[in-house]
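Take a look at the structure below.
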Amino acid sequence: MMKTVHTDPVLNVDTYGNIFMYATHHDLTTSPRHIIRMSEPVQPELLQEAVELALIRFPQMAVGLTRGEQAYSYRYLDKPPVVVPFQNHLSPYWMGSEDTNGYLFLCGYIRNTIIMEYHHCTCDGHGFDEFIRSVLFEYLTLCGHPIENDGTIRTRETEFDPSECEDAFPLLENVPRSGKNHHDDQPVFHMPQMDGRADFNELMTEITFPFAQMKSFLKKNGGTPMTYVMTALSRAIGMTYFKDGERQRIAAEIPMDLRPLVPSKTTHFFVSLLDLPFLPEYFDMSFGEACRKCSEYFSTQRTLEHSAWWAKANGDNVFSLHNADMPIEEKEEAMRTRARNYIRRDSFILTNIGAFHLPESMQQYVLDYAAILPCAYQPFGVLVSSYNGNMKISLAQRDHSIDLVRNLLDTLAETGVRATTYSYLFHTTRYDGKRLAK
């Protein structure tokens with residue numbers, strides 16, 4: 001077995017995130033997108049300077065990739081980061097290539113909108129939010145706005161701690177783990193016509209509503225925000241794709257942040273991939289009852305013993321392959337096959353990254369926030385976020401029919417939630433290790 005662990009913590013690959021080095025944007029969501037809508041047109045020169053200043057505090061973001069004979073590895077970059085223009089929501093760029101000067105994140109702009117994407121091998125959504133907040137703070141300061149750090153932003157005035165880029169998966173060695181009572185791997189709803197690896201644009205719809213409306217329903221009926229979204233999506237999928245009277249099991253892959261269970265400052269990938277099923281009999285229940293049933297089940301899956309077991313098992317599996325003694329071409333294909341087979345156990349992927357927090361002094365300049373999970377090999381990519389009292393469901397579809405969105409809006413309305421929508425064609429920044437900057 002190869003050894004790819006470095007003494008330099010910045011160059012140390014984490015246990016699970018390395019799978020994204022070998023995959024492409026066809027296989028996994030290698031490059032999720034964050035969208036920040038500002039109150040003023042973006043000034044690209046100042047944004048460029050802000051990114052450079054933020055990298056002083058986040059050295060783990062100032063790296064690129066090298067495609068070796070047997071494995072990928074991080075490398076330091078000697079070129080400055082770039083800020084690139086967008087003409088629409090379809091990215092023409094390649095992550096880690098000459099387009100980004102080798103950087104594993106992309107910062108772009110269009111009118112009053114900042115677009116930031118990251119390669120998943122460097123961090124997860126919560127980790128990248130830390131970097132975004134630092135960039136925004138530096139940018140608004142350079143713009144001359146009177147903003148203050150309330151202590152929640154990792155600015156240059158705070159000190160970098162190597163634990164912020166630690167591989168947190170070894171921490172799971174010290175917690176109880178149990179392989180019992182997992183979601184059984186039964187056939188679930190799929191869209192076979194959406195299989196394959198064709199590089200199509202996706203239909204993206206941002207569905208936004210006041211968080212208080214959903215909270216009011218949950219207070220009366222029980223459930224959680226995640227199981228509320230799962231119930232609404234499952235019922236809408238049934239209305240859209242099932243034939244009359246048909247009932248199928250639906251299951252979502254839920255990436256769950258492990259930091260609340262196993263504390264770590266890391267910005268690297270530190271999640272457990274859990275399954276949340278919506279059973280056929282739930283369709284005959286009221287929305288509230290089905291939501292409670294989902295919550296009762298998912299509460300058993302989110303426990304430390306269960307989520308740590310899944311994270312450890314998946315992490316060890318991937319890290320072992322990353323270190324295996326085999327040619328890079330064979331390893332890439334093995335990783336991609338493993339990724340596609342795993343995510344095909346579920347109907348779609350559903351991620352909740354929670355609230356995007358900014359100091360009060362910054363909020364008047366940041367009007368809206370959204371995050372997107374591209375479909376990759378799944379028919380849908382769904383990401384839930386919130387900002388300033390509004391919840392947003394970002395729904396990416398390889399199927400460009402708007403029927404699913406209409407049915408989802410009708411389902412939400414049944415619970416007293418009135419949502420607005422914004423739809424557009426979308427394509428994430430592409431990634432393939434064969435196109436890395438030299």
Side-chain angles (χ1 to χ4, degrees), residues 14 16-17 20 28-37 58 61 105-106 114-136 152-154 164 168 204-211 214-215 224-230 232-233 252-274 276 298 301-302 307 311 343 346 348-358 362-363 366 368-376 378 380-396 426 428-429:
D14 70 53
Y16 189 84
F20 296 96
L28 288 174
T29 54
T30 54
S31 304
R33 178 177 295 185
H34 295 240
I35 302 170
I36 305 98
R37 297 189 177 101
F58 286 83
M61 299 302 298
F105 68 88
L106 178 142
I114 296 173
I115 295 172
M116 296 191 70
E117 298 182 335
Y118 64 96
H119 196 290
H120 235 328
C121 74
T122 60
C123 54
D124 54 27
H126 287 290
F128 196 58
D129 269 352
E130 295 290 351
F131 183 62
I132 291 174
R133 283 149 34 88
S134 180
V135 170
L136 290 177
T152 64
I153 298 181
R154 301 179 189 181
E164 295 175 22
M204 170 56 57
T205 302
E206 297 177 21
I207 302 166
T208 308
F209 52 87
F211 184 83
M214 181 195 65
K215 187 176 180 181
T224 66
M226 180 58 86
T227 57
Y228 174 91
V229 173
M230 179 64 183
L233 276 168
E253 178 187 304
I254 309 288
M256 191 190 79
D257 181 17
L258 285 169
R259 295 171 185 85
L261 297 179
V262 185
S264 173
K265 298 178 182 178
T266 189
T267 58
H268 272 207
F269 192 96
F270 192 40
V271 302
S272 181
L273 303 174
L274 306 177
L276 176 57
F298 198 47
Q301 306 301 290
R302 292 184 300 167
S307 54
I343 63 176
D346 300 301
F348 59 95
I349 186 167
L350 172 59
T351 299
N352 180 15
I353 62 171
F356 181 67
H357 294 291
L358 289 175
M362 295 176 61
Q363 293 174 14
V366 180
D368 194 21
Y369 167 89
I372 294 176
L373 201 66
C375 294
Q378 292 277 35
F380 313 116
V382 187
L383 193 147
V384 181
S385 61
S386 63
Y387 176 64
N388 271 0
N390 286 321
M391 175 168 275
K392 194 181 298 286
I393 303 172
S394 296
L395 171 62
F426 156 79
T428 185
T429 294

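Note that the numbering runs from 1 along the sequence shown for the chain.
- For Leu350 against Ala252, the heavy-atom pair with the smallest separation is CB-CB, 4.0 Å.
- Closest approach of His268 to Asp14, counting heavy atoms only: ND1-OD2, 3.3 Å.
- Taking the side chain as every heavy atom from C-beta outward, Phe58 and Glu130 approach each other to under 4.5 Å.
- When all heavy atoms of Arg259 and Thr267 are compared, the closest pair comes out as NH2-C, 3.9 Å.
- Judged by distance alone, the side chain of Thr351 and the main-chain N or O of Leu383 form no donor-acceptor pair under 3.5 Å.
- In summary, of the residues considered (Leu373, Ile207, Val229), a side-chain contact (heavy atoms from CB on, under 4.5 Å) with Val384 occurs for Val229 alone.
- Checked by atom type and distance alone, the side chain of Gln378 pairs as donor or acceptor with a backbone atom of Ile343 at under 3.5 Å.
- Summarising the geometry, atom OG belonging to Ser386 is positioned 8.5 Å from atom CD1 belonging to Ile353; distances are rounded to the nearest 0.5 Å.
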Give the C-alpha distance, both sets of side-chain angles, the deciding distance and a yes or no for side-chain contact (heavy atoms from CB on, under 4.5 Å) between Ile254 and Phe298.
CA-CA 10 Å; Ile254 309 288; Phe298 198 47; 3.7 Å; yes
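- Here the CD1-CD1 distance, from Ile153 to Ile132, works out to 11.5 Å after rounding to the nearest 0.5 Å.
- Closest of all the heavy-atom pairs between Ser307 and Arg302 is OG-O, 3.7 Å.
- Within the 4.5 Å cutoff, side-chain heavy atoms of Ile393 are placed close to those of Phe209.
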Report the C-alpha distance between Phe20 and His119 in whole Å, list the side-chain angles of each, state the deciding distance to 0.1 Å, and finish with yes or no for ring-ring contact (aromatic ring centres under 6.0 Å, His included).
CA-CA 8 Å; Phe20 296 96; His119 196 290; 7.0 Å; no
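- Side-chain N/O atoms of Glu117 and Thr429 include a donor and acceptor closer than 3.5 Å.
- Put simply, the side chain of His120 does not reach to within 4.5 Å of the side chain of Thr30, judged on heavy atoms.
- Taking the side chain as every heavy atom from C-beta outward, Phe348 and Cys375 never approach each other to under 4.5 Å.
- Between Arg133 and Arg154 the shortest side-chain heavy-atom distance does not fall below 4.5 Å.
- In terms of modelled atom types and a separation under 3.5 Å, the side chain of Arg33 and the main chain of Pro374 share no donor-acceptor contact.
- Of all heavy-atom pairs between Ser272 and Ala311, the closest is OG-N, 3.6 Å.
- Note on ring orientation: taking the six-membered ring where Trp is involved, the planes of Phe356 and Tyr387 are tilted (angle from 30° to 60°).
- How far OG1 of Thr152 is from CE of Met362: 8.5 Å, rounded to the nearest 0.5 Å.
- Within the 4.5 Å cutoff, the side chain of Tyr16 has no heavy atoms near those of the Val271 side chain.
- Here the side chains of Met61 and Val135 are not in contact, with every heavy-atom distance at 4.5 Å or above.
- Annotation: side chain of Ile114 is in contact with side chain of Leu136 (closest heavy-atom distance under 4.5 Å).
- With respect to Glu206 and Arg37, a salt bridge is recorded, a charged nitrogen being found less than 4.0 Å from a carboxylate O.
- Between the CE atom of Met226 and the CG atom of Leu274 there is a distance of 10.0 Å, given to the nearest 0.5 Å.
- Note that the OG1 atom of Thr266 and the NE2 atom of His126 stand 12.5 Å from one another [nearest 0.5 Å].
- Of the listed residues (Phe131, Phe128, Phe105), just one forms a ring-ring contact (aromatic ring centres under 6.0 Å, His included) with Tyr118, and that residue is Phe128.
- A distance of 9.0 Å separates OG1 of Thr428 from CG of Leu106, quoted to the nearest 0.5 Å.
- When all heavy atoms of Leu358 and Gln363 are compared, the closest pair comes out as O-NE2, 3.0 Å.
- The main-chain N or O of Pro32 is never found under 3.5 Å from a side-chain atom of Thr29 such that the two would form a donor-acceptor pair.
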